[in-house]
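This one's a predicted model, so the numbers in the text were calculated from it and none came from an experiment.
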Amino acid sequence: MQMSYAALVAVLVVACAQTPAEREARNVVEEDVATAAAAPAPAEMTDAMAEVGAAAVQSLRAAPTLMLSKQQVGGFAPAYAAMPSQDRETYAHFDDAGVLLAAEHPVSTFSIDVDTGAYANLRRMLREGRLPPQDAVRVEELINYFEYDYAPPSDRATPFAVHTQLAPTPWNRDTRLLRIGVQGWKPSGALPPANLVFLVDVSGSMQSPDKLALAKSALKLLTQQLDARDRISLVVYAGASGVVLPPTPGNRKAEIIAAIDQLEAGGSTNGAAGIETAYALAQQAHIDGGINRVLLATDGDFNVGTVNFEQLKDLAERKRATGVALSTLGFGGGNYNDQLMEQLADAGNGNYSYIDSLEEARRALVHSRAAMLQTIAQDVKIQIEFNPAVVAEYRLIGYENRALAREDFNNDKVDAGEIGAGHSVTALYEIALVGSAGTQVDPLRYGATPGTEAVSDELAFLRLRYKRPGEDRSQLIERPLRLRDQLAGVDRTDADFRFAAAVAGFGQLLRGGRYTESFGYDDVLALARNARGSDDQGWRGEFLQLVQLAASLDATTVKPGSAIGCESDDCG
C-alpha cells in the first residue's frame, strides 16, 4: 500500500524538526532502557515460585500465543507506526463547553483533572500520519501534560498554592484569558513505602509490540525505582485471572523482572475478574500510611465477563472504599478503549496515562513517580463566582466531563479529582468584560440588565475545596480575583501563561476551532516558540514538532506565508 502524501509529509516533518540535542537525548533513553531490560535472570528465585508463575501464565492461555523475543521486550517503540488496518477505538463523545452569561449563570464548578492520557494518545495518532478524532482531544489533558513553574505552598499545612493571571486572549483581542494555576506541595526525601499491584492484560489483543512488549518494559522501569520497603505483586488476566507474583519486596528486582519477562499474550479478555483479583491482593499486602495502588496495563478491550461500561465503573467506585487506588496505563491502537481507561481511573481515585513509547513510560513512571503514586489531596474541586458587574460572559476551556453542579461543591460525598505530590493543575477561562466587543450573546429584553449592580474591582471569587488523605471533611481555600491585576498584553505574561495558551489553542483547533476565530497553527507556533523556557526534558520542543505535524496533515488551515515547517527558534 502506498503512503498518502499527507502521511509522507508528516513523517518528514518529525524527522527534520528534531534537533541534534533531542536525538541525543533519545539515544540516551534507549541505552538506559536497554540496560534495564537486559537484567540477568534471578539466581535467587526459588523453583516453587517459578513453577507458580509459569502455571498461572499457562492457565490463562485460551488461544495460541505469540512468543516475544528479548529484543521485543526491551525494545524501543517506534516514533512512527503503521496505521491500524481496522480502527474501532472508543472515545466518549462530548461537546465543547459553551459561552455563559455571568448574569444568568455566575457560578462555574468543576473537578480538578490530572490525567494526561489524551496528549500522548493524540501524539501517537499524529505520528501514524492522521489527525485525531475530535472526541479524543480533551484540552485540559493537553494543557496539564506539561509542567509549569508555579511557586509551591509555603508549608505543608496548606497543600496548594494558587496562582492567577489575566491578559488579552491570543485568539480574540476583545476577550480576556484567565489562567488559574494550582501547585501541589512536594515532599522532600523518599516516598512512603508502596504496595503496588501490576495488573497486566495478556489477552490476544495485546500481542503487538506497542502493547504487551511495551507494557513489560514500562513496568520494569518502575521496578528499578523501588526498594526493600516497597512491595510489588503481579496479576494477569485473559479469559481468567491469576497471580503470577505474590507481594515481593522491591529490592528483589531480578525476581520481579523475571516474572514480568515470562508474560505472553493469548485469549479473550475478562478485565473485571482481573480487577477483583488485583484488589484482593492489594488489600492482603496493605501498608498502613503507605501507598496502596493497582496499576492496570491494557488496551481496554474487555470482551468477557463484565463488559458493561457503567458496571465496570461501579466496580472501581466500590473498590476505592478499600483505600486502594486504581491508575490506568493505556497501550496500543486499533481497538483502544480510551473512554474506559479514563473513566476507570477517575472512578478508582487514580490517574490515567497513555504510554506510546519508552520515553513516555519514563516520564509517567520515573520522572513523575511521586505525582502519580503519592496522593496529597482528594476530591479537589474549584468554583469560580463571576461578578456580573464586571464579567458579561465566560467559558471554561476543557473540563467538559469534569463539570459539577453548583451544590456539589459543598457536598463532601461527591467524588472529585485527586492531586499527587508536586503536581500542578492549570485551568483557563475566556472572559468577555461588560461593555466590550467580545460578547457573543444578546442581552435579554426583559429581566435584570447586566452591569446594574454596584461596580466592584473584583472580577471573580475563587474557591478551592479539598480533603486531606484519609479524612472525610473537606478544607476550603478562598481568594478574590481583581480586575486591576490584568496585564495589558500577552507579551507581558509569564512564559507558562503563553505556553498554556498555545496548547489550549492547539487543542481547540484539533476540536474544530469553534471559538478560535482566525487563530491557526502558525499562531500556535509563534506563541509557543517564545515560551519554551529552559525545557530541560524537551517536552515543549516536542510540542512544536507535533503542531507542525498536525498542520501538515490539515494543510487547508495553514495561512499563506505561514511559518509552518520553519525550524529556527527565530521563526514566526
Side-chain angles (χ1 to χ4, degrees), residues 28-29 31-46 49-50 52-53 73-74 156 184-200 215-235 243-263 278-279 281-297 323-327 329 350-351 353 355 358-376 418 420-423 469-470 537:
V28 170
V29 172
E31 293 171 4
D32 289 346
V33 172
T35 300
E44 70 275 19
M45 184 174 179
T46 65
M49 181 63 70
V52 170
V73 170
R156 186 175 179 176
W185 168 79
K186 185 174 183 178
S188 58
L191 294 179
N195 162 37
L196 304 178
V197 179
F198 297 164
L199 174 58
V200 183
K216 291 161 67 173
S217 295
L219 294 177
K220 287 189 284 187
L221 286 182
L222 178 55
T223 298
Q224 296 290 355
Q225 311 306 310
L226 304 178
D227 59 33
R229 303 178 308 136
D230 304 312
R231 296 291 181 271
I232 291 181
S233 311
L234 178 59
V235 175
V243 177
V244 175
L245 184 72
T248 302
N251 63 333
R252 291 163 62 179
K253 300 185 189 305
E255 183 175 338
I256 297 166
I257 289 173
I260 295 172
D261 273 340
Q262 68 178 301
L263 302 183
Y279 270 104
L281 204 59
Q283 290 173 251
Q284 172 188 328
H286 191 276
I287 299 176
D288 293 336
I291 297 167
N292 297 279
R293 189 173 298 259
V294 174
L295 298 177
L296 169 61
V324 178
L326 171 68
S327 290
L329 305 174
N351 35 45
S353 300
I355 308 297
L358 279 176
E359 294 108 317
E360 184 61 26
R362 188 193 70 82
R363 178 194 176 279
L365 302 177
V366 179
H367 178 84
S368 301
R369 182 166 63 99
M372 181 182 190
L373 297 181
Q374 184 179 5
T375 300
I376 62 170
E418 279 62 46
H423 214 120
Q537 300 294 328

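Taking P469 as the reference, nothing meets the side chain to side chain contact (heavy atoms under 4.5 Å, CB included) condition, with sequence neighbours excluded. Partners of A215 according to the side chain to side chain contact (heavy atoms under 4.5 Å, CB included) rule, which considers only residues two or more places apart in sequence or in another chain, are A297, F331. Scored by the salt bridge (Lys or Arg N to Asp or Glu O under 4.0 Å) test, R363 finds E360 as partners (sequence neighbours excluded). Judged as a side chain to side chain donor-acceptor pair (under 3.5 Å), and not counting sequence neighbours, the contacts of Q537 are R362. Under the rule for a side chain to side chain donor-acceptor pair (under 3.5 Å), the partners of H286 that lie at least two apart in sequence or sit in another chain are D288, N292. For A285, the side chain to side chain contact (heavy atoms under 4.5 Å, CB included) partners at least two apart in sequence or on another chain are N195, P247. The side chain to side chain contact (heavy atoms under 4.5 Å, CB included) check on S327 picks up R293, L295, N351, M372, with sequence neighbours excluded.
For the pair F198/L245, no side-chain contact is recorded, criterion being any heavy-atom separation below 4.5 Å from C-beta on. Proximity of L196 to D230: side-chain heavy atoms (C-beta onward) are nowhere separated by under 4.5 Å. Here the side chains of V197 and V324 are not in contact, with every heavy-atom distance at 4.5 Å or above. V200 is not listed as a side-chain neighbour of K216, based on a closest heavy-atom distance of 4.5 Å or more. No side-chain heavy atom of Q225 sits less than 4.5 Å from a side-chain heavy atom of L365. Taking 4.5 Å as the limit, every side-chain heavy atom of I232 sits out of range of all side-chain heavy atoms of R252.
Remark: side-chain polar atoms of T223 are not paired, donor with acceptor, to backbone N or O of L221 under 3.5 angstrom.
What you find for A361 and A218 is that their closest heavy atoms are CB-CB, 3.6 Å. When all heavy atoms are compared, the tightest approach of I287 to R229 is CD1-O, 4.3 Å. The nearest pair of heavy atoms linking A278 to L199 is CB-CD2, 3.9 Å. Counting all heavy atoms, side chain and backbone alike, L191 lies closest to A370 at CD2-CB, 3.7 Å.
To the nearest 0.5 Å, the span separating CD1 on I291 from OG1 on T375 amounts to 8.0 Å. The CD1 atom of I260 sits 8.5 Å away from atom CG of L222, with the distance rounded to the nearest 0.5 Å. Here CD of Q374 is found 13.5 Å from NE2 of H423. Values are rounded to the nearest 0.5 Å.
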### Task
Show your working on side chain to side chain contact (heavy atoms under 4.5 Å, CB included) between Q224 and I257 and close with a plain yes or no.
CA-CA 9 Å; Q224 296 290 355; I257 289 173; 3.4 Å; yes
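Partner T248 forms a side chain to side chain contact (heavy atoms under 4.5 Å, CB included) with one of E255, R231, K253 and no other, that one being E255.
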